[in-house]
Amino acid sequence: MPLHRTHQQPLTWAGMLMTLGIVFGDIGTSPLYVFKAIVGATGPITETVVLGGLSCIFWTLTILTSFKYIYLTLQADNRGEGGVFSLYALVRRFGKWLWLPAIIGAATLLADGILTPSISVSSAIEGLSGVPAFSGIIEAGNTLTVMVVAIILSLLFFFQRFGTKVVGFSFGPIMLIWFTMLTVLGVAQITHNPHVLASLNPKYAVQLLTQYPGGFWLLGAVFLCTTGAEGLYNDLGHCGRRNIRATWTFVKIALVCNYMGQGAWLLKHQGSDLGELNPFFEVMPPWFRLVGVAISTLAAIVACQAVISGSFTLINEAITLNFWPRVRVKFPTLVRGQIYIPSVNWLLWAGCMGVMFYFRNSANMEAAYGFFIVVAMLMTTLLLFGYMHFVRRWKLWLVLPLIALFFTVELANFVANAVKILHFPLLLVGVVLVLGVMFIWFRARKIINSFIEFVPLMDHVEALRELSNDKDIPKYATHLAYLTKADDASQVERWIVNSLLARKVKRAEIYWFIHVNYTDEPYTMEYRISELIDDKVIRVDFNLGFRVQPRINLFFRRVLEELDADHELEFRNKYESIKKGDFHTDILYVITERVLSVENEFSLRDGFVLDAYFALKSLSQSDRDAMGLDPNVSVVEKVPLVIAAPREVPLVRVHHRTRG
């Protein structure tokens with residue numbers, strides 16, 4: 001019985017305008033810092049660097065963004081949804097090790113959620129240094145600039161709790177103005193120096209990388225032009241494949257025009273050092289500079305919002321797929337898919353503040369930014385191979401050359417960025433910690449679940465019937481619902497049987513066994529009923545997508561109402577009702593909180609993993625809250641979990657001898 005149906009986004013003008021605001025903020029603001037990073041690292045401006053850099057930018061956008069992501073990766077939609085975990089959900093059955101690239105990609109994307117706000121907003125604010133009124137006041141790296149950026153970012157994270165419904169409608173128009181500005185500024189410079197268009201020839205890229213001294217290492221800066229490509233895949237479900245593809249044509253033209261315009265301006269200044277100048281702002285007429293900085297700041301904020309929202313979605317999926325501890329998830333608006341995770345929000349804020357006060361200006365952030373993005377892309381390429389070959393069943397002779405092309409480009413960029421990231425080990429340590437949390441949570445759950453003992457439920461249903469009919473025992477609840485992990489409807493955990501029949505027996509009118517199965521699809525909401533004894537012992541299986549919050553109390557009430565409306569459940573009690581609109585009945589949910597038994601003995605590795613897991617669990621949201629159950633309708637039973645029982649104890653009885 002479906003509770004929800006997914007749908008595809010149609011191609012509309014409104015959809016394309018929304019796509020500009022949601023999808024292309026990150027990659028759209030890359031002109032703020034890319035050329036500055038390329039030319040600023042080479043000393044005097046030369047034609048080789050300018051045309052070679054432009055050629056590298058154009059072909060990187062073409063090979064990676066246009067071909068890999070827009071054309072190929074967007075085909076890997078999971079019921080209309082995208083992202084590294086959506087892709088993992090499609091291919092995980094084809095390889096037990098595929099969880100590893102999935103969590104590496106997710107950890108590096110979280111780093112992107114920290115670096116994108118910092119580098120985008122700081123690049124925009126630093127543009128004020130070219131405005132006469134702010135000259136000498138706003139300078140890259142000075143305390144005032146850092147504080148202004150910190151305040152803007154703090155306000156942005158503070159307002160996340162209210163959602164973006166109020167201001168979200170303006171994101172599309174803001175980015176339309178932004179991309180129009182990029183195009184106009186670029187074309188104005190190209191008309192003065194059309195020679196810059198020669199950079200479309202890939203020979204200039206080859207010359208820069210192979211002949212120019214240190215040219216290969218400039219790939220680290222070039223790669224910044226494609227930041228946001230992963231983000232557009234993550235936002236597939238919000239806008240739809242057709243809207244993203246149609247809008248990308250306009251976006252790419254605007255980006256290429258602006259990069260070409262910056263190149264044309266640089267060619268006019270060959271032989272001089274770029275210094276602290278940013279070619280993005282230098283192409284602006286002096287009278288327009290203040291307006292340009294204002295538009296840039298707004299565009300940067302839109303880009304920040306996109307990656308922050310993407311981080312919320314990423315962690316929400318990680319929770320469902322058992323890669324992250326359960327944390328509180330809120331829904332600030334009624335907009336589908338819009339969520340707010342307080343702990344992640346303040347983690348990102350703390351990361352942004354740390355990055356700003358550690359690096360202080362955008363130029364210092366560029367190396368770290370490129371490194372984490374290229375790692376995320378490499379992980380997507382691995383998963384994409386599984387999708388193309390095993391899911392789509394493309395032939396290896398077609399798949400392998402494509403994957404080899406992507407790996408060649410991405411590995412080259414990885415090497416160029418890896419050398420620089422070694423100078424900033426703190427960020428690397430932070431990402432490794434996030435990766436460690438995901439690994440520990442995933443591995444520990446596997447260890448624990450492998451030791452849960454299941455028993456046939458049918459062996460105990462008659463005992464449950466007799467217990468329910470025994471009026472001498474006080475009624476524990478009318479509807480007693482246990483949450484079970486048994487995938488097989490004929491089985492149940494032994495501890496549930498013990499809880500019902502072996503300890504303090506629990507009499508109820510109806511015994512329910514509720515199982516939640518997370519599907520590989522994002523928004524599935526279905527359930528099915530299995531009656532072991534009519535109107536006495538019933539199992540409910542919920543099939544929920546990995547983006548659906550398991551609000552079990554709400555869903556179960558809906559099930560009872562539908563069963564009553566269809567006359568499938570014989571329930572008579574003059575004090576209670578399960579009718580829709582007049583629902584008031586006694587439901588009690590029983591959930592387990594598994595704790596390690598003191599009798600466990602296990603290896604050093606497993607001991608470390610489990611100790612870390614239970615330490616994280618103590619800081620995370622309880623299973624009761626995660627399942628959407630209020631304390632007044634649920635009880636928690638602590639169940640000792642014996643993972644590895646101790647060896648036989650060599651205890652010998654000694655008889656006391658008395659003197660004769």
Side-chain angles (χ1 to χ4, degrees), residues 322 444-470 473-519 527-544 550 552 555-556 559 569 587-602 606 610 613-614 617 623-624 626-627 629 634-648:
N322 285 327
R445 300 277 293 204
K446 288 287 186 183
I447 294 172
I448 292 172
N449 289 340
S450 66
F451 285 93
I452 297 177
E453 183 182 0
F454 297 98
V455 296
L457 183 56
M458 289 302 296
D459 292 350
H460 305 279
V461 292
E462 285 303 323
L464 291 176
R465 186 205 298 270
E466 293 175 4
L467 175 60
S468 178
N469 295 330
D470 190 344
I473 299 175
K475 187 169 71 172
Y476 192 68
T478 302
H479 301 272
L480 186 59
Y482 278 83
L483 274 66
T484 175
K485 290 184 175 294
D487 295 325
D488 188 342
S490 66
Q491 294 185 326
V492 71
E493 293 93 325
R494 179 176 291 279
W495 74 263
I496 292 181
V497 174
N498 292 339
S499 173
L500 283 166
L501 300 172
R503 299 188 197 135
K504 181 182 178 181
V505 294
K506 299 177 176 67
R507 187 171 76 84
E509 294 291 334
I510 305 177
Y511 294 98
W512 301 85
F513 298 95
I514 299 175
H515 176 68
V516 179
N517 174 51
Y518 293 104
T519 69
Y527 73 90
R528 63 178 180 271
I529 301 292
S530 304
E531 289 194 70
L532 283 78
I533 298 180
D534 288 345
D535 301 329
K536 189 60 64 178
V537 181
I538 307 173
R539 173 170 165 132
V540 182
D541 286 274
F542 289 106
N543 293 324
L544 304 180
I552 299 302
F555 296 162
F556 184 61
V559 170
L569 185 64
I587 304 175
L588 185 65
Y589 302 91
V590 182
I591 57 179
T592 176
E593 182 178 326
R594 289 169 290 179
V595 294
L596 283 177
S597 171
V598 295
E599 298 180 355
N600 281 302
E601 290 183 3
F602 33 74
D606 287 350
L610 291 169
Y613 168 79
F614 281 102
K617 189 174 176 61
D623 290 341
R624 175 161 57 189
M627 289 294 174
L629 301 175
S634 59
V635 295
V636 178
E637 293 189 352
K638 294 183 182 293
V639 179
L641 191 64
V642 180
I643 292 180
R647 296 179 295 274
E648 184 177 351

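None of these values were measured; they are calculated from a predicted model.
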Check whether any side-chain heavy atom of Y511 sits under 4.5 Å from a side-chain heavy atom of V461, and report yes or no.
no
Given 3.5 Å as the limit, does a donor-acceptor pair link the side chain of E531 with the main chain of D535, or not?
yes
Atom CE of M627 and atom CD1 of I591: how far apart are they, to the nearest 0.5 Å?
8.0 Å
Under the criterion side-chain hydrogen bond (donor to acceptor under 3.5 Å, both in side chains), I'd like the reasoning laid out for S499 against Y482: C-alpha separation, chi angles, the key distance, then a yes or no.
CA-CA 10 Å; S499 173; Y482 278 83; 2.8 Å; yes
Quick one, R465 with E509, criterion salt bridge (Lys or Arg N to Asp or Glu O under 4.0 Å). Give me CA distance, side-chain angles, the key distance, then yes/no.
CA-CA 9 Å; R465 186 205 298 270; E509 294 291 334; over 6 Å; no
Please name the pair of heavy atoms, one in H515 and one in A486, separated by the smallest distance, quoted to 0.1 Å.
ND1-O, 3.4 Å
NZ/NE/NH1/NH2 to OD/OE distance under 4.0 Å, D534 and K536
no
Take D541 and D487 through the side-chain contact (heavy atoms from CB on, under 4.5 Å) test and state the conclusion after the steps.
CA-CA 9 Å; D541 286 274; D487 295 325; over 6 Å; no
Could you tell me whether the side chain of T478 reaches within less than 4.5 Å of the side chain of K475, counting heavy atoms only?
yes
Minimum heavy-atom distance between I473 and R507, given as atom pair plus value
O-NE, 2.6 Å
Sequence neighbours left out, what passes side-chain hydrogen bond (donor to acceptor under 3.5 Å, both in side chains) with W495? Give chain and number order.
none
Out of curiosity, L483 CG to T592 OG1, how far, rounded to the nearest 0.5 Å?
10.5 Å
salt_bridge(K617, D623) N-O dist < 4.0 Å
yes
Do V516 and L544 come close enough that some side-chain heavy atom pair is under 4.5 Å?
yes
Note: E453-K485 ion pair, threshold 4.0 Å (strictly below)
no
With a 4.5 Å limit on heavy-atom distance, are the side chains of M458 and L532 in contact?
yes
Return the minimal non-hydrogen interatomic distance between S468 and A508, and the atom names on each side.
OG-O, 2.6 Å
Distance, nearest 0.5 Å, that separates CG of L464 from NE2 of H460:
8.5 Å
Residues two or more places apart in sequence or in another chain: which of them pass side-chain hydrogen bond (donor to acceptor under 3.5 Å, both in side chains) with N517?
N543
Counting only heavy atoms from other residues, nucleotides and ligands, does the tally under 6.0 Å from CZ of R445 exceed 12?
yes
In terms of heavy-atom contacts, K506 and Y476 come closest through CD-CE2, 3.6 Å
Between A481 and I514, what is the shortest heavy-atom contact and its length?
CB-CD1, 3.8 Å
Kindly compute the distance separating CD1 (I533) from CD1 (I538), expressed to the nearest 0.5 Å.
10.0 Å
Is there a side-chain contact between V537 and I510 in this structure, where contact means two heavy atoms from C-beta onward sitting under 4.5 Å apart?
no
Measure the OG-CG distance between S530 and L457 for me, rounded to the nearest 0.5 Å.
10.5 Å
Partner of W512 under ring pair (Phe, Tyr, Trp, His ring centres under 6.0 Å), picked from F542, Y589, F556, is F556
Given the rule in the side-chain contact (heavy atoms from CB on, under 4.5 Å) test, do Q491 and V455 qualify, once you have shown the distances and angles that lead to the verdict?
CA-CA 5 Å; Q491 294 185 326; V455 296; over 6 Å; no
One should read off an interatomic distance between I587 CD1 and I552 CD1, to the nearest 0.5 angstrom, of 12.0 Å
Checking the side chain of R539 only, and the main-chain atoms of F513 only, is there a donor and an acceptor separated by less than 3.5 Å?
no
Is it true that E493 and T484 share a donor-acceptor pair across their side chains at a distance under 3.5 Å?
yes
